[in-house]
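Below is one structure; the comments refer to it alone.
The chains referred to below are lettered A, B, ... by the order of the sequence lines, with proteins before strands, and numbering in each begins at 1. In this text, all values refer to a predicted model and were calculated from it rather than measured experimentally.
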Amino acid sequence: MLDAKLFRSELAQTAERLKVARNFLLDVERLEALEQQRKDLQVRTESLQAERNARSKSIGQAKAKGEDIAPLLAAVDDLGAQLEAAKAELNEVQTQLQDIIAGVPNLPDESVPMGADEDDNQEVSRWGTPREFTFEPKDHVDVAANIVNGMDFDQGAKLAGARFVVLKGQIARLHRALAQFMIDLHTTEHGYEEAYVPYLVNQETLYGTGQLPKFGEDLFHVKGATENQVPLSLIPTAEVPLTNLWRDEIADEHQLPIQYVAHTPCFRSEAGSHGRDTRGLIRQHQFDKVELVWLVQPEASMDTLEMLTGHAEKVLQLLELPYRKVLLCTGDMGFGAAKTYDLEVWVPSQQKYREISSCSNMWDFQARRMQARFRRKGAKKPELMHTLNGSGLAVGRTLVALLENNQQADGSVTIPKALQPYMGGVEKIG
RNA sequence: GGAGAGAUGGCAGAGUUCGGUUGAAUGCACCUGACUUGAAAUCAGGCGUGGGCUCGCGCCCACCGGGGGUUCGAAUCCCUCUCUCUCCGCCA
């Protein structure tokens, strides 16, 4: 959420920036009208409340002195109705304003290139060299098929439906090994605190990180057993529970920065991506991810984004997987991001780089929704934190990259040195 | 699953019986000043969050777990949801 003041004192400029940078059209006239109404109604409501408070107080005083309060009660007779009407009107207007503002995307940082879609993203760097195969490389589904049926999409479909998978044997272990390796790296080398979090969260939590109100159709929602039980939703990423740990909290300055790492499954409905990446592990309704989250002071967030991205890169480097780092343009960034780097890993079967990590600085966008704040030493007012998150990495897609890049002519798959301790010391599988 | 108790400011903890000048006693923590070579101790003062109006001084509104209700007026009464604790039962 953007600062509401931007919609009052700098409405025209804000609308222009949103249009240019995010192709987001703000209904300026409607906002202006609503804001004017809000102002009038709020002043009226509050003065009615002030009047009611004053009169109620005098009734109390009169009663304490044993005076007759009947005339005072009569004088206050129609105040209640007036106040109720004003309140209702104000409420309506504020709900409308809130709906508009909650649906406005974040403004990009100055360093983000302008652009319409992914074609305008900027490649920042490449690491590693895609391997020259002396044979026709298979895709990960076929590579896995060679390893005693370690990846079974039919069984996934049988148990749950399309876009679900069952992993077994060495593939299942490799999948687990990758997650363990990533967590250990981030906790021991990069200073993250490991966290285990709920996979189901409530609506306030989803609002805090920006999934609601706008992107509810991307999630799986779980109805309570009884009618008036609170609705919960499966997390689409651990960013949601981790960042919300500081919702409605005020940290002391010395507690920052805070860094969390968690390994969780992620659940996405993938509504609107029918027919895309239907084969294989690339796009599933359920996938595992190791997520990195930072909560920092505003002045530190830009440097932190570089650090965070570096931590995700380190995983790819230690796994010896070729990748490139891409700076997303204004048009390709997520709803709440101010700046995002994607890491894309080389996928031999597709002869292209595919997203395996997305690292974003959300600026104060989520913090404002969540009221996640901190207080500087000696300062009176708390300030909004900045929040950042990034995948370090998506485990399923890492498995894809490893199987494809490390496949051998004989159908086996080599295990990178860094991962071997997590695989019982074996150098290859299959 | 059954029975009961509770949720108040950064923390602890009054107030809820019998609704009224209570944004809320008190203690701790914290900030400023005095004393001190410095610190501790002591003393004085300050010290919640969000919002509105105003050039400003400042004034006003809301908030005692969430939502709704009764009332001129609710931390206090009623309904409901959530969470916490105790006991019993069951259980990975």
**Study point:** Secondary-structure stems for RNA chain B, with pairs counted as Watson-Crick or G-U when both distances are under 3.5 Å and runs at least 3 long
**Key:** B:1-7 with B:82-88, B:10-12 with B:26-28, B:30-34 with B:42-46, B:48-53 with B:58-63, B:65-69 with B:77-81
Point to revise | Spacing of A:Glu35 atom CD relative to B:rG51 atom P, expressed in whole Å | key: 13 Å
Point to revise | Distance in angstrom units between A:Arg368 CZ and B:rG50 P, rounded | key: 12 Å
Review point. Distance between the C1' atoms of B:rC64 and B:rG10, in whole angstroms?
Key: 16 Å
Point to revise | Distance test, side-chain N/O of A:Arg373 to OP1/OP2 of B:rU49, below 4.0 Å | key: no
Practice item. Decide salt bridge (Lys or Arg N to Asp or Glu O under 4.0 Å) for A:Glu110 and A:Arg17; before the verdict, give the C-alpha distance in whole Å, the side-chain angles of both, and the deciding distance to 0.1 Å. Key: CA-CA 11 Å; A:Glu110 295 165 354; A:Arg17 286 175 69 195; over 6 Å; no
Review point. How many Å lie between CG on A:Leu41 and C1' on B:rC61, as a whole number?
Key: 14 Å
Review point. Between B:rG66 atom C1' and A:Gln203 atom CD, what is the distance in whole Å?
Key: 14 Å
Check your understanding: Can you say whether the rings of A:His311 and A:Trp294 are parallel (under 30°), tilted (30 to 60°) or perpendicular (over 60°)?
Key -> parallel
Practice item. Check whether any side-chain heavy atom of A:Arg283 sits under 4.5 Å from a side-chain heavy atom of A:Ser273, and report yes or no. Key: yes
Review point. To the nearest Å, how far apart are A:Leu83 CG and B:rC72 C1'?
Key: 12 Å
Check your understanding: C1' atom, B:rA29 versus B:rA12: distance in rounded Å?
Key -> 10 Å
Check your understanding: If the P atom of B:rC87 is compared with that of B:rU71, how far apart are they to the nearest Å?
Key -> 43 Å
Study note, to complete from the structure: Residues at least two apart in sequence or cross-chain that pass side chain to side chain contact (heavy atoms under 4.5 Å, CB included) with A:Leu11, listed by chain then number, are A:Phe7, A:Leu26, A:Val28, A:Leu31, A:Glu32
Practice item. Determine the sole option in A:Ile258, A:Val293, A:Leu308, A:Ile183 for which the side chain to side chain contact (heavy atoms under 4.5 Å, CB included) test with A:Tyr192 is passed. Key: A:Leu308
Check your understanding: Expressed as a whole number of Å, how far does the C1' atom of B:rA74 sit from that of B:rG23?
Key -> 14 Å
Practice item. Rounded to the nearest angstrom, tell me the gap between atom CG in A:Leu90 and atom P in B:rC53. Key: 12 Å
**Study point:** A:Asn91 CG to B:rA62 C1', straight-line distance once rounded to whole Å
**Key:** 13 Å
Point to revise | Inter-nucleotide C1' distance (B:rU70, B:rC78), Å rounded | key: 7 Å
**Study point:** Partner residues of A:Val43 under the side chain to side chain contact (heavy atoms under 4.5 Å, CB included) criterion, sequence neighbours left out
**Key:** none
Exercise for review: Hey, could you give me each pair passing salt bridge (charged side-chain N to carboxylate O under 4.0 Å, His left out) that has a residue in residues 417-430 of chain A? Not counting sequence neighbours.
Suggested key: A:Asp410-A:Lys428
**Study point:** Any donor-acceptor N or O pair under 3.5 Å, side chains A:Asn53, A:Ser56
**Key:** no
Practice item. Rounded off to whole Å, could you give me the CD-to-P distance for the A:Glu84 and B:rG68 pair? Key: 12 Å
Check your understanding: Heavy-atom contacts under 4.0 Å between residues 46-63 of chain A and RNA chain B, which residues?
Key -> A:Glu46, A:Gln49, A:Ala50, A:Arg52, A:Asn53, A:Ser56, A:Lys57, A:Ile59, A:Gly60, A:Gln61, A:Lys63
Review point. Are any of the side-chain heavy atoms of A:Ser301 and A:Trp363 separated by less than 4.5 Å?
Key: yes
Exercise for review: Could you give the distance separating B:rA75 and B:rC59 at their P atoms, to the nearest angstrom?
Suggested key: 22 Å
Review point. Can you find a side chain N or O atom of A:Arg44 that sits less than 4.0 Å from OP1 or OP2 on B:rC53?
Key: no
Check nucleotides 7-11 of chain B for protein N or O atoms closer than 3.5 Å to its own N or O atoms and list the pairs.
none

Review point. Do A:Gln96 and A:Arg30 meet the criterion of a side-chain donor-acceptor pair at a distance under 3.5 Å?
Key: yes
